[in-house]
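Everything on this sheet refers to the single structure shown next.
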Amino acid sequence: MVAMKNNMKRYFAIVDCNNFYASCERVFNPKLEGKPLVVLSNNDGCVVAASAEAKALGLTLGTPAFKNEELFTRNNVHIFSSNYTLYGDLSARVMETLRQFSPDVEVYSIDEAFLELTGMEHIDLQKLGRRIKKTVQKWTGIPVSVGIAPTKTLAKVANRASKKNTEFDGVCILDNDEEIKRVLEKVEVDDIWGVGWQYAKMLKRNSIYNAYQLRSVHHDWAQKKMTIMGLNMVRELQGIPCFKIEEAPPPKKAIVCSRSFGRPVEDLGELKEALASYVTRAGEKLRSQNSVASMIQVFMGTNHFKDEPQYSNHTIFELPVPTAYTPDLIHFALQNIERIYRKGYRYKKVGVMLAGIYRDSEHQLHLFEKQKYDKKQKELMRRIDEMNVRMGKDTISYGASGIKRPWKMRRQKLSPSYTTDWLQIPPVK
DNA sequence: TCTGGGGTCCTAGGACCC
DNA sequence: TCTGGGGTCCTAGGACCC
């Protein structure tokens, strides 16, 4: 049985949503079809997604919105603040659809998933890829690109090619040596999964410009220059699988929650409110993976893009007992921000990191330790989390987070939460 | 006026132990 | 006098991902 499985032809597919956030905004607003559209980051700061029409105007992702203002007005670009509630929900629908095609799905990011495809000897992969693309489009309204190959890295390369090269029309299969050579030669090293800015520079210095050239380097050289990750990357390009499908993501080892403010904040009271609300969010994430944290890190800083007095600092604090009880987390976080706060600065950002994370069940209580994170507290947290999921975020929140929240981020162009809020469901005429 | 947020892995080097 | 050397743990920094 095992031997048989090893002999079976195995492939990896990666399905990647095209311009995901921009596509989400269009699903419930079809008038935007064919129009240039962008989505901004938190605080309406940077452009983080753009429709094909907007990209065609020469706009680059990651640039600050204010630098593109003129281009936006001149071309009548539709602008949206990011609406993660909407994107998260549509993402879940896409992933659910993909489970039709394989039992082994790894949700790799909000807009991408790997699928393991086994027993594909007699399957027309091109047809399968087309079917995946068509089904997701039909069931969710989201356009996707599909890459299929013998390794994850090659699948990523195929996916890249399927988007960049119109001949593929959104589906690219890498199944034989000639095809692999032909496609890899056209992929620049910068575009390979695992090659970032620094490695790309180094590779070019060594006259390696495309994926096919990288595929041919010596293993020792790859490892020396790019650590074990580089070696694995080269092997994967050669068709030797080094990375598996990770179906259940391991629990997070650190949970961070931080935001830039909508305007500078000087007052300690306001900073504390903001911090309390981020700690609340972090606590929810912590409990959703059934973990407790034993350390809290608090950090804050001014806006280093500005020509004004700068200050930033952080503090790490060990909790008396590992816990996921939000009131305690807030208590210690607030205590610590007081230690690093300095009066007279215009703060841009504050945040919290929970670390030293274990599964709740793994934490062995010392015989005489006073059990602080107890049943009652857990039950209370469970009920509050449940209510907030069912009735909407912050149905129940903590007094320390404030009511008015003058520091909260700007989201002036927010679209409705069409799919997750009863009051915002679009009417049918 | 206005420049995102949240993660992972690997390695080198220091501290410490025997 | 000789200033070893292997193992482990931790941290900081650098690379990467979306």
Side-chain angles (χ1 to χ4, degrees), chain A residues 14-21 38-49 60-70 72 79-84 87-88 91 106-114 152-153 156 159-160 189-203 222-233 242-243 246 249-264 274 278 281-282 284-286 289 295 297 299 301-308 314 316 318 346 348-357 408-413:
Chain A
I14 180 136
V15 181
D16 186 315
C17 301
N18 301 341
N19 313 319
F20 183 54
Y21 298 166
V38 297
V39 178
L40 307 181
S41 64
N42 288 330
N43 271 315
D44 296 343
C46 291
V47 179
V48 289
T60 34
L61 300 185
T63 54
F66 74 93
K67 283 193 180 168
N68 291 295
E69 211 112 299
E70 202 208 289
F72 290 161
I79 304 167
F80 291 89
S81 303
S82 37
N83 182 347
Y84 286 100
Y87 311 152
S91 171
E106 173 184 343
V107 177
Y108 181 66
S109 76
I110 193 164
D111 70 337
E112 282 173 77
F114 285 102
K152 280 178 144 185
T153 304
K156 276 284 224 179
N159 187 277
R160 188 96 195 171
V189 282
D190 316 57
D191 287 342
I192 302 168
W193 191 41
V195 176
W197 190 68
Q198 294 290 341
Y199 285 161
K201 230 174 38 183
M202 182 278 293
L203 289 170
Q223 174 150 17
K224 198 176 134 220
K225 292 289 198 177
M226 298 182 286
T227 80
I228 189 84
M229 304 299 283
L231 172 60
N232 286 336
M233 189 161 66
C242 300
F243 306 129
E246 313 265 356
K252 305 235 178 298
K253 295 172 185 168
I255 292 173
V256 180
C257 194
S258 74
R259 297 277 181 282
S260 298
F261 301 129
R263 58 162 173 76
Y278 306 152
R281 205 61 73 223
E284 287 167 2
K285 290 190 208 169
L286 184 65
Q289 62 170 37
M295 281 187 297
Q297 179 174 161
F299 51 93
T302 48
N303 185 349
H304 51 263
F305 287 103
K306 288 222 169 161
D307 188 17
E308 58 183 40
H314 74 276
I316 302 175
E318 181 134 8
R346 289 153 55 84
K348 177 64 181 170
K349 183 180 194 167
V350 59
V352 63
M353 178 159 94
L354 303 179
I357 291 177
K408 75 170 192 271
M409 61 186 184
R410 264 192 311 276
R411 296 212 286 181
Q412 291 177 344
K413 318 260 187 184

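Proteins get letters first, then strands, A, B, ... in listed order; numbering begins at 1 in each. Scope of the values below: all heavy atoms of this structure, side chains included, with no hydrogens, waters or symmetry mates.
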Problem set entry | Closest-nucleotide ordering on DNA chain B, the 5'-leading residue of A/Thr227 and A/Arg346 | A/Arg346

Seminar exercise, completed: Between A/Ala65 and A/Pro251, whichever has its closest DNA chain B nucleotide further toward 5' is A/Ala65

Euclidean distance, atom [atom1] of residue [X] to atom [atom2] of [N] [Å, nearest integer]:
X        : N      : atom1 : atom2 : result
A/His314 : C/dG13 : NE2   : P     : 10 Å
A/Asp44  : B/dT1  : CG    : P     : 17 Å
A/Asp16  : C/dC17 : CG    : P     : 14 Å
A/Asp191 : C/dC17 : CG    : C1'   : 14 Å
A/Tyr199 : B/dT11 : OH    : P     : 9 Å
A/Lys67  : B/dG4  : NZ    : P     : 11 Å
A/Lys201 : C/dG14 : NZ    : P     : 13 Å
A/Ile228 : B/dA12 : CD1   : P     : 12 Å

Between [Y] and [X], does any NZ, NE, NH1 or NH2 come within less than 4.0 Å of an OD or OE carboxylate oxygen?
X        : Y        : answer
A/Arg160 : A/Asp191 : yes
A/Glu308 : A/Lys348 : no
A/Glu246 : A/Lys152 : no

Is [X] touching bases, backbone alone, or none of the nucleic acid, heavy atoms closer than 4.0 Å?
X        : result
A/Lys253 : sugar-phosphate
A/Ile255 : sugar-phosphate
A/Val256 : sugar-phosphate
A/Asp111 : sugar-phosphate
A/Asn303 : sugar-phosphate
A/Lys349 : sugar-phosphate
A/Leu231 : nothing
A/Arg263 : nothing

Using a cut-off of less than 4.0 Å, is there contact between a side-chain N or O of [X] and OP1 or OP2 of [N]?
X        : N      : value
A/Lys156 : C/dC18 : yes
A/Ser260 : B/dT3  : no
A/Lys285 : B/dG7  : yes
A/Ser41  : B/dG5  : no

Problem set entry | B/dC18: pairing nucleotide in any strand, Watson-Crick or G-U under 3.5 angstrom | C/dG5

[X], nearest nucleotide to its side chain (from [options]):
X        : options               : value
A/Arg259 : C/dC18, B/dG6, C/dC16 : B/dG6
A/Asn42  : B/dT1, B/dG5, B/dT3   : B/dG5
A/Cys46  : C/dC17, B/dG4, B/dG6  : B/dG4
A/Lys306 : B/dT8, B/dC2, B/dG5   : B/dC2
A/Arg410 : B/dC2, C/dC16, B/dG5  : B/dC2
A/Cys257 : B/dT3, B/dG6, B/dT1   : B/dG6

For this session: Using distance alone, with no hydrogens and no angle criterion, decide if A/Ser260 and A/Asn42 have a side-chain donor and acceptor under 3.5 Å apart.
Result: no

For this session: Rounded to whole angstrom, note down the P distance from B/dA15 over to C/dG4.
Result: 16 Å

Exercise. What distance, rounded to whole Å, do you find between the two P atoms, one in C/dT3 and one in B/dC16?
Worked result: 23 Å

Exercise. Taking the side chain as C-beta and beyond, is there a heavy-atom pair between A/Ile14 and A/Lys156 under 4.5 Å?
Worked result: yes

Exercise. Can you tell if the side chain of A/Leu354 reaches within under 4.5 Å of the side chain of A/Met295, non-hydrogen atoms only?
Worked result: no

Exercise. Does the gap between the ring centers of A/Trp193 and A/Tyr199 come in under 6.0 Å?
Worked result: no

